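Before any comments, here is the structure.
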Amino acid sequence: MSISQQQNRNLVRSVAKCFAVLESLANHEGSMKLSELSKALGLPPSTTHRLVSSLMEIGYVTQDRETGEYMLGVKILFLAGVVLKRLDLRKIAYPFLEKLRDETGETANLVVLDSDEVLYIEKVESRASIRAFSLIGRRAPVHATGVGKVILADMAWPEVVEILEKKGMPRLTSNTITDPKQFMEELNRVRLQGYALDREECEEGAICVAAPVRDHNGKTVAGMSISGPIGRLTEDRLPLLIQIVMKYAAGLSRALGYVDRLTVGDDNIAKSKEAPTI
């Protein structure tokens, strides 16, 4: 075994021990003395103290000054909050996805941005024998998907550029947009019209219609879409499908507390988000 391999194994063991500390605290109502924690972990007190000290430094464990007991830190709430928010979003969204599927006959998807990619977190499958591929947990690039476009369209331009530079714009099909200037123009259209299309840009033979889902602050937190084969999502059918997707995305947004506050005076806000000249 090489030195680097041994170092990697040691790192994995250390990380595992840190998580064991957190799990032990959670299993004991979030508070334990060092001796109790050491016994629960089956580790020497010195090793246990080193682990909790490391976790205290980064905010995941705190210590009661009076009792000396170690407790889960409030930073844990941030991680839990992110997970719970996503779970709540899925639960609230499901009835809307069902209705979207039933009204269009196509697979309905709920997607969020995760690690600069789109992540499919919920879906309701089409009942048709031929349907577009969709899988919960599936990831896809933002530049080649309708849901990616509606999420990026609400972001500041420096953030969009950073994602594109980091992830690249690989060509997935002959229709994939790979030119940054052309993609910026596409996002401007998405922002103005309130929906996005993926015309065989991610997968040959598949069409996607997507609309933004907003939270109570007006921030786009997800994309709702339908996807299906090009033979069913035809040009003459698309206008109606677009309206249906936008209707249910707006319904989910209202369920999340969003109120459309757009007024005539807000035109300057929309203009400020337009892509700079490239």
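Please read all numbers here as calculations on a predicted model, not as lab measurements.
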Evaluate the side-chain hydrogen bond (donor to acceptor under 3.5 Å, both in side chains) criterion for residues Ser227 and Asn109: first the C-alpha distance (whole Å), next the side-chain angles of each, then the deciding distance (0.1 Å), finally the verdict.
-> CA-CA 8 Å; Ser227 51; Asn109 309 292; 3.2 Å; yes

Under 3.5 Å: donor-acceptor pair, side chain of Asn217, backbone of Lys219 | no

So, does Ser126 use its side chain to make a donor-acceptor pair with the main chain of Ala128 at under 3.5 Å?
-> yes

Are Met56 and Phe19 linked, directly or through other ILVMFWY residues, by side chains that come within less than 4.5 angstrom of each other?
-> yes

Return the minimal non-hydrogen interatomic distance between Ser14 and Leu51, and the atom names on each side.
-> O-CD2, 4.4 Å

For Glu36, enumerate each residue passing the side chain to side chain contact (heavy atoms under 4.5 Å, CB included) test, keeping only those at least two apart in sequence or located in another chain.
-> Met32, Lys33

In terms of hydrophobic clusters joined by side-chain contacts under 4.5 Å, are Met169 and Ile151 together?
-> yes

Side-chain donor or acceptor of Thr176 paired with backbone N/O of Glu201 under 3.5 Å = yes

Any link between Leu172 and Leu164 through a network of hydrophobic side chains (Ile, Leu, Val, Met, Phe, Trp, Tyr) touching at under 4.5 Å?
-> no

Any chance you could measure Met246, atom CE, to Tyr195, atom OH, to the nearest 0.5 Å?
-> 8.0 Å

Main-chain N/O of Glu204 paired with Thr173 side-chain donor or acceptor, under 3.5 Å = no

Sequence neighbours left out, what passes salt bridge (Lys or Arg N to Asp or Glu O under 4.0 Å) with Lys247? Give chain and number order.
-> Glu103

Closest non-hydrogen atoms of Ile92 and Ala255, given as atom of the first, atom of the second and distance, are CG2-CB, 3.9 Å

Here the salt bridge (Lys or Arg N to Asp or Glu O under 4.0 Å) pairs for residues 164-180, sequence neighbours left out, are Asp116-Lys166, Glu117-Lys167

Looking at CG of Leu89 and CG of Asp215, how far apart are the two atoms once the value is rounded to the nearest 0.5 Å?
-> 9.5 Å

Evaluate the side-chain hydrogen bond (donor to acceptor under 3.5 Å, both in side chains) criterion for residues Asp236 and Thr234: first the C-alpha distance (whole Å), next the side-chain angles of each, then the deciding distance (0.1 Å), finally the verdict.
-> CA-CA 6 Å; Asp236 61 335; Thr234 56; 2.5 Å; yes

Assess the side chains of Ser31 and Glu69: does a donor N or O sit below 3.5 Å from an acceptor N or O?
-> yes

Mind checking the CD-OG spacing from Glu106 to Ser225? Nearest 0.5 Å is all I need.
-> 11.0 Å

Residues that Arg189 engages under salt bridge (Lys or Arg N to Asp or Glu O under 4.0 Å), provided they are two or more places apart = Glu186

Side-chain donor-acceptor distances from residues 38-47 under 3.5 Å, at least two apart:
unit_1 : atom_1 : unit_2 : atom_2 : d
Ser38  : OG     : Leu43  : O      : 2.4

Are Leu119 and Tyr94 in one and the same hydrophobic cluster, where Ile, Leu, Val, Met, Phe, Trp and Tyr link if side-chain heavy atoms are under 4.5 Å apart?
-> yes

Nearest heavy-atom neighbours spanning Asp154 and Gly218 | OD2-O, 4.1 Å

Looking only at atom types and distance, does a side-chain atom of Lys75 sit under 3.5 Å from a main-chain N or O of Ile58, one as donor and one as acceptor?
-> yes

Kindly give the heavy-atom pair with the smallest separation between Gly146 and Asp198, and that separation in Å.
-> N-CB, 3.5 Å

Trace of the side chain to side chain contact (heavy atoms under 4.5 Å, CB included) decision for Leu22 with Leu72 | CA-CA 7 Å; Leu22 297 176; Leu72 291 175; 3.9 Å; yes

Measure across Gly223 and Val150 and return the closest heavy-atom pair with its distance rounded to 0.1 Å.
-> CA-CG2, 4.1 Å

Would you indicate whether the side-chain heavy atoms of Leu25 and Met71 approach each other to under 4.5 Å?
-> no

Name all residues meeting the side chain to side chain donor-acceptor pair (under 3.5 Å) criterion together with Arg199; count only those two or more places apart in sequence or in a different chain, and write none if there are none.
-> Glu235

Heavy-atom donor-acceptor pair, Glu122 side chain to Arg90 backbone, under 3.5 Å | no

Mind checking whether Leu113 and Met155 have side chains closer than 4.5 Å, heavy atoms only?
-> yes

Does the side chain to side chain contact (heavy atoms under 4.5 Å, CB included) test come out yes or no for Tyr60 and Ile76, once each step is laid out?
-> CA-CA 6 Å; Tyr60 287 101; Ile76 290 289; 3.6 Å; yes

Do Arg214 and Leu256 have side chains that get closer than 4.5 Å, going by heavy atoms?
-> no

Could you tell me whether Glu162 atom CD has more than 12 heavy atoms of other residues or ligands within 6.0 Å of it?
-> no

Evaluate the side-chain proximity of Leu233 to Thr104: yes if any heavy-atom separation is below 4.5 Å, no if none is.
-> no

Side chain to side chain, Leu37 and Val21, heavy atoms closer than 4.5 Å = yes

Any sub-3.5 Å donor-acceptor pair from Ser253's side-chain atoms to Tyr258's backbone N or O?
-> no

Would you check if Val221 and Val112 make a side-chain contact, meaning some heavy-atom pair closer than 4.5 Å?
-> no

Sub-3.5 Å donor-acceptor pair from the side chain of Glu200 to the main-chain atoms of Gly205, do we have one?
-> yes

Nearest heavy-atom neighbours spanning Ala108 and Leu100 | CB-CD2, 3.8 Å

Please answer whether the main-chain N or O of Pro141 pairs with a side-chain N or O of Thr145 as donor and acceptor at a distance below 3.5 Å.
-> yes

How about Ile163 and Glu159: do any of their side-chain heavy atoms sit closer than 4.5 Å?
-> no

Flag side-chain contact, heavy atom, 4.5 Å: Thr62 against Tyr70 | no

Check the pair Glu203 / Cys208 against side chain to side chain contact (heavy atoms under 4.5 Å, CB included), numbers first and verdict last.
-> CA-CA 10 Å; Glu203 184 180 348; Cys208 171; over 6 Å; no

Just by distance, do the side chain of Arg237 and the backbone of Arg232 share a donor-acceptor pair under 3.5 Å?
-> yes

Could you walk me through whether Glu125 and Lys123 pass salt bridge (Lys or Arg N to Asp or Glu O under 4.0 Å), step by step?
-> CA-CA 6 Å; Glu125 286 278 7; Lys123 68 165 185 173; 2.4 Å; yes

Working to the nearest 0.5 Å, report the span between OH of Tyr248 and CD1 of Ile226.
-> 11.5 Å

Going through the distances and angles, do Leu110 and Leu97 end up as a side chain to side chain contact (heavy atoms under 4.5 Å, CB included)?
-> CA-CA 8 Å; Leu110 183 69; Leu97 294 174; 4.0 Å; yes

